Amino acid sequence: MTTFIERTPATRHTYIRASFAYLAFMTLWIYAFANTERHVPGLIILFALVAAMAVHFGAGFAMPRQETFALLAFPPALALLGPGVNSLLWVPLVLMMVFPGAPLVLLGLWLRNHLDPHEVEDHWF
């Protein structure tokens with residue numbers, strides 16, 4: 001049985017896949033959930049917010065690099081520049097990227113760096 005760390009090695013391919021998954025999910029999340037003007041049941045709201053939190057944690061875990069934080073600029077930028085998005089949606093998205101988005105990415109990054117096995121050479125002295 002492989003661990004999640006073994007399934008997401010620190011390679012360029014993994015970073016590209018994780019970045020694409022993050023951008024695709026956040027685009028879908030903004031257009032399908034955040035931009036809606038219809039009544040949404042409370043359980044769906046809870047599920048959508050928890051899913052977004054899990055994606056932020058997963059992005060930090062899959063891409064344990066500081067450049068991952070640059071992805072947090074995408075949802076507010078999409079809200080500002082995207083076609084068919086409410087013009088005032090960028091404000092709450094900025095707040096959501098600052099908290100809880102950035103701490104969740106940081107938590108994923110920290111957890112990955114501390115769970116990743118570090119190899120130490122025997123002839124270090």
Side-chain angles (χ1 to χ4, degrees):
M1 188 164 119
T2 60
T3 65
F4 189 72
I5 293 176
E6 293 170 348
R7 283 185 260 155
T8 56
T11 62
R12 180 180 296 207
H13 181 66
T14 302
Y15 297 156
I16 291 172
R17 280 189 3 219
S19 297
F20 178 74
Y22 176 83
L23 296 176
F25 176 82
M26 290 310 294
T27 300
L28 179 69
W29 190 84
I30 288 172
Y31 278 106
F33 170 70
N35 195 37
T36 187
E37 294 181 6
R38 298 180 183 167
H39 173 72
V40 179
L43 191 59
I44 294 176
I45 292 172
L46 177 67
F47 176 73
L49 291 174
V50 170
M53 291 169 50
V55 165
H56 281 90
F57 175 79
F61 193 83
M63 298 179 289
R65 300 173 55 125
Q66 292 178 353
E67 291 84 2
T68 307
F69 289 102
L71 289 174
L72 297 178
F74 174 73
L78 180 64
L80 277 173
L81 305 172
V85 181
N86 187 348
S87 62
L88 295 177
L89 186 60
W90 70 273
V91 176
L93 285 174
V94 167
L95 295 174
M96 289 178 68
M97 294 304 112
V98 171
F99 183 81
L104 286 168
V105 170
L106 182 64
L107 178 65
L109 188 143
W110 179 84
L111 189 64
R112 172 65 180 258
N113 285 334
H114 282 76
L115 290 180
D116 203 11
H118 299 286
E119 295 181 15
V120 179
E121 296 180 13
D122 288 338
H123 57 285
W124 58 270
F125 53 91

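Quantities reported herein were computed from a predicted structural model and do not represent experimental measurements.
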Would you say W29's side chain and A48's backbone share a donor-acceptor pair under 3.5 angstrom? yes

Could you state the interatomic distance from CG (N86) to OG1 (T36), rounded to the nearest 0.5 Å? 11.0 Å

Rounded to the nearest 0.5 Å, the CD1 atom of I30 sits from the CG atom of L93 at a distance of 5.0 Å

Could you give the distance from CE (M26) to CE (M96), rounded to the nearest 0.5 Å? 6.5 Å

Hydrophobic cluster membership, with links at side-chain heavy-atom distances under 4.5 Å among I/L/V/M/F/W/Y: are L106 and L104 in one? no

For T11 and Y15, run side chain to side chain contact (heavy atoms under 4.5 Å, CB included): C-alpha distance rounded to whole Å, both residues' side-chain angles, the deciding distance at 0.1 Å, then the answer. CA-CA 7 Å; T11 62; Y15 297 156; over 6 Å; no

If I take atom CG from residue L28 and atom CG from residue L23, how far apart are they, to the nearest 0.5 angstrom? 12.5 Å

Atom CZ of F20 and atom CZ of F25: how far apart are they, to the nearest 0.5 Å? 14.0 Å

Scan residues 52-61 for pairs that pass side chain to side chain donor-acceptor pair (under 3.5 Å), counting only residues two or more places apart or in two chains. Y22-H56

Heavy-atom distance under 4.5 Å between the side chains of T27 and Y31, does that happen here? yes

Quick check: are there more than 12 heavy atoms from other residues, nucleotides or ligands sitting under 6.0 Å from CD of E67? yes

Non-hydrogen atoms of G101 and L72 that approach each other most closely: C-CD1, 4.3 Å

So V105 and F61, do their side chains get closer than 4.5 Å, heavy atoms only? no

If two hydrophobic side chains count as joined below 4.5 Å and joins carry through other members, does V55 share a cluster with M97? yes

In the structure I gave you, are the side-chain heavy atoms of L78 and W90 within less than 4.5 Å of one another anywhere? no

Find the distance between CG (L107) and CZ (R112) and round it off to the nearest 0.5 Å. 14.0 Å

Is there a path from L95 to V98 through hydrophobic residues (I, L, V, M, F, W, Y) whose side chains come within less than 4.5 Å of each other? no

Are M53 and F69 linked, directly or through other ILVMFWY residues, by side chains that come within less than 4.5 angstrom of each other? no

For M63, does its backbone N or O pair with a side-chain atom of T68 as donor and acceptor, under 3.5 Å? yes

Please answer: with hydrophobic residues joined when any side-chain heavy atoms are less than 4.5 Å apart, are I45 and L89 in the same cluster? yes

